[in-house]
Amino acid sequence: MTGGVRRIVALADTDSYVKWAAALLEALPDDVETELVIVETPLAVSAGQLRNALAGTRIDPETVRRVEFGEVPAILDEAAPDAVLMASRGPVVRVLAATVASLVPRPVIVTGLPGISIPATTAAMLHRTQCDLFVLHSTREVREFTELARHRGLAQRFALSTLPFAAVARTADRSAGGTDLVFASQAIVPRERADRVRVARMLVAAAAADPTRRVVVKERAVGGEQQTHRQKYSYPDLLATVGPVPSNLVVSHAPMLRALDDAEGLVTVSSTAAIEAVARGVPVIVLDSFGVDDRLINPVFVGSGLFGSEDAVRERDFRMPAEGWLADNYFHDRAADDWVAQLDELVALRRGGVLAPKPARERRGGRVRDVWERKLAFGRHDRSLAGAVVLVVGVPLRFVLRPILRPYHRRRLRAA
């Protein structure tokens, strides 16, 4: 990789982003030095989540450093990376990218989304304005984000990488003849309690339909652990409210890679685990009980042939995706992946001293707004006096102004 990236540091926080960052680093050539660093935020991974997220990769959890926001400049100054991978939620990326962009010389800033990213959203790009390269995972995602950026007048460079979870899954061993029905839980899909109770009852019915085979509810957090999205109604709690639970219905916190080892099939509303399962040769049902809607993150599955009903789940009528759907949706020819080549190009520009600056998006509020957003992103892990002052003043003011300003912001986005 002469002349290309030699060292890259990933800054990550939540479970899904840590898993994504680790798998993406695994895709780099062996001569690239990599480091994964956990930046503490209110939703940062626990030790158990970290072990699960790194399953199937060569990264030893014991080598992963945890740092506070204020330590990031010193960590990067010590590491002197060619590039920094921003693997966090949008508000955290916004703050971290501004910090990294202030370094001299600044590293190339890479970012991306840790799973299914259809529909493309303006917010995902606005948070990542200062990033040089935005990694996506299907030809459809690249096409739709590129078109949205053009429509919104946003300058962003997109690159294609095989979804790293799928790449890792393809290399994993799997014994034939799995018997588990694995349900991939999601924190906010569906969101309403009544809908989640409906799913819980469906899982109970599927377990009762065949007591000889397990139904496994795959959760991503044990009580008290956080996720990328805050979960209000967990399935273990809901199952306790719906009546007797068959003994063959179990809850698992094992890595998805391990859960799929014994899977006959996977059920989900829209989890990226569906792509991971297909990569392992495990058939899938994408539950259609709640329709097809952007809020459910499931329009990407239209035309896949994976949608199925609750009856299909009880009957274990799993299926593999239609051939015509695959190439445009996460199963393109890996020769089309260009994120490493684009990263090399940007690193070469950096070394030549001609890497174009990526200024932050201009917004009202100036320095006060920056401090406010940093405090919201990092919570108690932002220990600055300015953050404490802004929090005391800003929270009551935000409570008053939010319902007044929300319609204005919605109209502005629609008009953009």
Going by an N to O cut-off under 4.0 Å, is there a salt bridge joining [X] and [Y]?
{"X": "K19", "Y": "E26", "value": "no"}
{"X": "D132", "Y": "R157", "value": "no"}
{"X": "R214", "Y": "D262", "value": "no"}
{"X": "R213", "Y": "E264", "value": "yes"}
{"X": "D195", "Y": "R198", "value": "no"}
{"X": "R58", "Y": "D30", "value": "yes"}

Q. Between W339 and H137, is a side chain to side chain donor-acceptor pair (under 3.5 Å) present by the stated rule, with each step listed?
A. CA-CA 10 Å; W339 86 277; H137 301 296; over 6 Å; no
Q. Has R51 got more than 12 heavy atoms of other residues, nucleotides or ligands less than 6.0 Å from its CZ?
A.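 Not buried by this count: 12 neighbours or fewer within 6.0 Å.
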Q.
Please determine whether the number of non-hydrogen atoms from other residues, nucleotides or ligands lying under 6.0 Å from atom CZ of R295 exceeds 12.
A.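 Open.
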Q) Who are the salt bridge (charged side-chain N to carboxylate O under 4.0 Å, His left out) partners of D82, not counting sequence neighbours? A)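 Salt bridge (charged side-chain N to carboxylate O under 4.0 Å, His left out) check on D82 returns R350, R351.
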What's the shortest heavy-atom distance between [X] and [Y], and which atoms?
{"X": "A97", "Y": "I109", "result": "O-CD1, 3.9 Å"}
{"X": "G112", "Y": "Y17", "result": "O-CE2, 3.8 Å"}
{"X": "V142", "Y": "A159", "result": "CG2-O, 4.1 Å"}
{"X": "L249", "Y": "A207", "result": "CB-CB, 3.9 Å"}
{"X": "P299", "Y": "D294", "result": "CG-OD1, 3.4 Å"}
{"X": "L181", "Y": "V313", "result": "CD1-O, 3.6 Å"}

Is [X] reaching over with its side chain to a backbone N or O of [Y], donor-acceptor style, under 3.5 angstrom?
{"X": "E147", "Y": "E144", "answer": "no"}
{"X": "S252", "Y": "A254", "answer": "yes"}
{"X": "R319", "Y": "F307", "answer": "yes"}
{"X": "Q156", "Y": "L126", "answer": "no"}
{"X": "E141", "Y": "A120", "answer": "no"}
{"X": "D333", "Y": "A327", "answer": "no"}
{"X": "Q49", "Y": "S46", "answer": "yes"}
{"X": "R66", "Y": "V37", "answer": "no"}
{"X": "T99", "Y": "V95", "answer": "yes"}
{"X": "N52", "Y": "H253", "answer": "yes"}

[atom1]/[X] to [atom2]/[Y] distance, rounded to the nearest 0.5 angstrom?
{"X": "S16", "Y": "R89", "atom1": "OG", "atom2": "CZ", "result": "9.5 Å"}
{"X": "L239", "Y": "L203", "atom1": "CG", "atom2": "CG", "result": "6.5 Å"}
{"X": "L133", "Y": "T111", "atom1": "CG", "atom2": "OG1", "result": "9.5 Å"}
{"X": "S117", "Y": "R140", "atom1": "OG", "atom2": "CZ", "result": "11.5 Å"}
{"X": "L163", "Y": "I116", "atom1": "CG", "atom2": "CD1", "result": "8.0 Å"}
{"X": "I275", "Y": "L266", "atom1": "CD1", "atom2": "CG", "result": "10.5 Å"}

(Q) Ring-plane angle category for Y235 and F183, please: parallel below 30°, perpendicular beyond 60°, tilted otherwise. (A)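 Taking F183 first and then Y235, their aromatic rings stand perpendicular (interplane angle over 60°).
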Q) Would you call the rings of W325 and F301 parallel, tilted or perpendicular if under 30° counts as parallel and over 60° as perpendicular? A)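 The arrangement is parallel - the two ring planes meet at less than 30°.
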Testing the 3.5 Å rule here: is there a donor-acceptor pair between the side chains of [X] and [Y]?
{"X": "D237", "Y": "S234", "result": "yes"}
{"X": "N329", "Y": "S138", "result": "no"}
{"X": "S161", "Y": "D337", "result": "no"}
{"X": "Q186", "Y": "S271", "result": "no"}

Q: Taking the side chain as every heavy atom from C-beta outward, state whether I8 and L28 have any pair of such atoms under 4.5 Å apart.
A: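 Answer yes - side chains close enough.
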(Q) Walk me through whether R280 and D261 qualify under salt bridge (charged side-chain N to carboxylate O under 4.0 Å, His left out). (A) CA-CA 9 Å; R280 290 284 297 276; D261 284 344; 2.6 Å; yes
Q: Decide yes or no on side chain to side chain donor-acceptor pair (under 3.5 Å) for D13 and T41, but give the supporting numbers first.
A: CA-CA 7 Å; D13 64 338; T41 69; 3.0 Å; yes
Give every donor-acceptor pair under 3.5 Å between a side-chain atom in residues 187-194 and any protein atom, sequence neighbours left out.
none

